[in-house]
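Values reported hereafter were calculated over all heavy atoms of this structure, with side chains retained and with hydrogens, waters and symmetry mates removed. This chain uses plain numbering: 1 for the first residue, then up along the sequence.
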Amino acid sequence: MGSQGHPGPPGNGGPGEGEGGEARKLQEGRVARGKRRKGKGKAGAGKGGRGSGAEGKPGLQKAKETAGLGAEAGARAGPGEEGEGGGSVEEGARGFVRGDEGSAGEGKEARGRGDGKKAEWRVRPGRREDARPGRAQGRGSQAWGCIAGAGAAGVAMAAAAEEEEEEEEEEEAAAREPAGRPAAGPALLPLPEELLLLICSYLDMRALGRLAQVCRWLRRFTSCDLLWRRIARASLNSGFTRLGTDLMASVPVKERVKVSQNWRLGRCREGILLKWRCSQMPWMQLEGDSLYISQANFILAYQFRPDGASLNRRPLGVFAGHDEDVCHFVLANSHIISAGGDGKIGVHKIHSTFTVKYSAHEQEVNCVDCRGGIIVSGSRDRTAKLFCDRDGLLWALLTLKNLGPQQSEKSSPSPRPPRCGSRCHDLQYRGQLMTHLGSDFPPGAGVLDVMYESPSTLLSCGYDTYVRYWDLRASVRKCVMEWEEPHDSTLYCLQTDGNHLLATGSSYYGVVRLWDRRQRACLHAFPLTSTPLSSPVYCLRFTTKHLYAALSYNLHVLDFQSP
């Protein structure tokens, strides 16, 4: 018998030529029907290679039928492109077809060669390229196409899962790593950082905030303290003094500017830190994360919680020693210098219970201060005294008599002296009178609180309902600027940030007012008590985030960080 061709293996071109012509026609018809059904182009069948000669065997007819079934299964597995041979899952370009050995058992193995091109299946970027399962042609069973389709689906699902994992890893890595400078973008980005800093220094706060939304690199760049320092010095309570000294160097300047806008707009959250049952005249001081406040004849130390708007209920320390209420106290060199209604001055060591009392005046001591180891006090007995603490003993240095009622007294930041009522004396000349502040004031316009900003500039407030700013270099008789309390109330205390912000406490309803020293009018008013519990504000202290006000029954806090 003559030589007969056998169909090529899966992945090659068309079926082999020879006596299997009928099988080839049957296969081409089924491929054409598959093209019309799928609509994905033409599936070209390459010319099959001639099979090696073999004598006809009794099982030839059965081999033809098996070849037809294999071709149909290959067509269902997936159509190929024009001029392509369908590849198997393993991208095989060759296959072995074994003849049916059922009846005769003498069939020979044949290898077909196709002239079609091997196909590459292109996928979207980011996914690995896998060979698309093609039509399984030649001999084989129907299970061949099913196995190929199932393998392709598994590969596609695995590729999609790997792609999702890679995208998640890239996002996490981008979040962990600092944003680098973009290689391309607006014309602003390629500029040197020094020039970009100079350009951005002319932008205001709103423009810098919008520029930070462009990209991550610009967000990091615009957070530089150098860009926000100029804006912070013009803001309220941002931690910068009038001379440019940064009092809060550990806090980013941009964050302080954000909080300062709440001070300017009056946005805050009110709360109560401490309460006491009987009416008192408390005084307080802040040092780091500690609050010192007087209650009756005690001074208690509390520690702030991390938010700064609450206290640990248990005090860190209790300092006693006075027989009557503590009227005033200051912190100096790890000591507390206190003045009491019993006419005594107490010296307490902060980190121990050591306390020393000195009989200083005949009547209650209303004010006390300490600078450079010299303690100055003022009393209702119309005297002011200066003491020096040597070897644990308090030595009297100077006594100023007939000065009028001493309501408030604070020494200058320089070694030069203190003020008594509305007078200033120079210690270098044995207490010689330097100036008399406000000699034209009406009777009874006493000074209740004073705050020095420099050796020659100070702020004062009192019964005349005015806050006055004095510069001794310009005039000793007239103030430089003044702010009037709108409701004509006595001003008990004042506090300033050393730059533009000024806070005052009124005598009725616990009203705390915020002032911008560049303006005449008051910015905001916060009444902290109602009519039945009307109380003066006896003391004010604030940080860049919180304001603390001591009243007769409560210690209030205004939280400007989290309004």
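Note that the CD1 atom of Ile345 and the CG atom of Asp342 stand 10.5 Å from one another [nearest 0.5 Å]. Expressed to the nearest 0.5 Å, how far OG1 of Thr496 lies from OH of Tyr469 amounts to 9.5 Å. The distance from atom CG of Leu459 to atom CD of Glu453, rounded to the nearest 0.5 Å, is 5.0 Å. From Phe560, atom CZ reaches atom CZ of Arg267 across 11.0 Å, with rounding to the nearest 0.5 Å. Once rounded to the nearest 0.5 Å, the distance linking CG of Leu491 with SG of Cys461 reads 5.5 Å. Between atom CD of residue Glu255 and atom OG of residue Ser260 there is a gap of 11.0 Å, rounded to the nearest 0.5 Å.
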* To do: Start with the C-alpha gap between Glu287 and Tyr292, add the side-chain angles, then the distance that decides, and say whether side chain to side chain contact (heavy atoms under 4.5 Å, CB included) holds.
  => CA-CA 8 Å; Glu287 183 172 312; Tyr292 298 84; 4.3 Å; yes
* Does the side chain to side chain contact (heavy atoms under 4.5 Å, CB included) test come out yes or no for Met481 and Arg520, once each step is laid out? -> CA-CA 9 Å; Met481 193 171 181; Arg520 290 281 185 178; 4.1 Å; yes
* List the steps, then state whether side chain to side chain contact (heavy atoms under 4.5 Å, CB included) holds for Met284 with Leu555. => CA-CA 10 Å; Met284 63 179 171; Leu555 175 62; 3.7 Å; yes
* Full working for side chain to side chain contact (heavy atoms under 4.5 Å, CB included) between Leu208 and Trp228 -> CA-CA 9 Å; Leu208 284 175; Trp228 292 92; 4.0 Å; yes
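Side-chain contact between Val368 and Ile375 is present, with at least one heavy-atom pair separated by less than 4.5 Å. Leu547 is listed as a side-chain neighbour of Val512, based on a closest heavy-atom distance under 4.5 Å. Between Ile350 and His335, the closest side-chain pair of non-hydrogen atoms is not below 4.5 Å. Leu203 has its side chain within reach of Leu211: a pair of non-hydrogen atoms, C-beta onward, lies under 4.5 Å apart. Contact of the Arg518 side chain with the Leu236 side chain is registered, since non-hydrogen atoms from C-beta on lie closer than 4.5 Å. Tyr492 has its side chain out of reach of Val537: every pair of non-hydrogen atoms, C-beta onward, lies at least 4.5 Å apart. Using a 4.5 Å heavy-atom cutoff, the side chains of Leu448 and Tyr463 are in contact. The shortest side-chain heavy-atom distance between Leu197 and Phe221 falls under the 4.5 Å cut-off.
There is a side-chain donor-acceptor pair under 3.5 Å between Thr383 and His361. The closest side-chain donor-acceptor pair between Trp515 and Thr504 falls under 3.5 angstrom. A donor-acceptor pair shorter than 3.5 Å can be found between the side chains of Ser338 and His348. If you check the side chains of Arg513 and His487, you find a donor sitting under 3.5 Å from an acceptor.
A donor-acceptor pair is defined here as one N or O able to donate and one able to accept, closer than 3.5 Å; no such pair exists between the side chain of Thr245 and the backbone of Thr241. Checked by atom type and distance alone, the side chain of Arg230 pairs as donor or acceptor with a backbone atom of Ser201 at under 3.5 Å. Side-chain atoms of Glu485 come within 3.5 Å of backbone atoms of Ser489 as a donor-acceptor pair (strictly under, hydrogens ignored). In terms of modelled atom types and a separation under 3.5 Å, the side chain of Lys344 and the main chain of Ala360 share no donor-acceptor contact. No donor-acceptor distance shorter than 3.5 angstrom exists from the side chain of His500 to the backbone of Arg242, with no hydrogens or angles considered. No donor-acceptor distance shorter than 3.5 angstrom exists from the side chain of Ser235 to the backbone of Ser238, with no hydrogens or angles considered. Of the possible donor and acceptor atoms, one in the side chain of Arg256 sits under 3.5 Å from a partner among the backbone N and O of Met248. For the pair Gln495 (side chain) and Arg541 (backbone), a donor-acceptor distance under 3.5 Å is absent. The main-chain N or O of Ser460 is never found under 3.5 Å from a side-chain atom of Arg468 such that the two would form a donor-acceptor pair. Here the side chain of Asp516 pairs no donor or acceptor atom with the backbone of Gln519 at under 3.5 angstrom.
Salt-bridge annotation for Asp307 and Arg305: absent, with no side-chain N of the basic residue lying under 4.0 Å from a carboxylate O of the acidic one. Look at Arg220 and Glu193 and you find no salt bridge, because none of the NZ, NE, NH1 or NH2 atoms lies under 4.0 Å from a carboxylate O. A salt bridge does not link Asp204 with Arg210: none of the charged nitrogens is closer than 4.0 Å to a carboxylate oxygen.
With a 6.0 Å radius and a threshold of 12 heavy atoms from other residues, nucleotides or ligands, Gln303 has its CD atom above the threshold. Within 6.0 Å of the CG atom in Asp225, the count of heavy atoms belonging to other residues, nucleotides or ligands exceeds 12.
Of all heavy-atom pairs between Cys522 and Leu514, the closest is SG-O, 3.5 Å. Residues Asn297 and His322 share a closest heavy-atom pair of ND2-O, 3.2 Å. Counting all heavy atoms, side chain and backbone alike, Ile272 lies closest to Leu274 at CG2-O, 3.5 Å. The heavy-atom pair separating Leu273 from Ala309 by the smallest distance is CD2-O, 3.1 Å. Minimum heavy-atom separation, Leu528 to His556: O-CE1, 3.4 Å. Across every non-hydrogen atom of Trp276 and Ser552, the tightest pair is NE1-O, 2.5 Å.
Aromatic pair Trp263/Phe542: centroids less than 6.0 angstrom apart. Taking the six-membered ring where the residue is Trp, the centroids of Phe526 and Tyr509 are separated by 6.0 Å or more.
When each of Leu558, Val557, Ile293 is checked for a side chain to side chain contact (heavy atoms under 4.5 Å, CB included) with Tyr548, only Val557 meets the rule.
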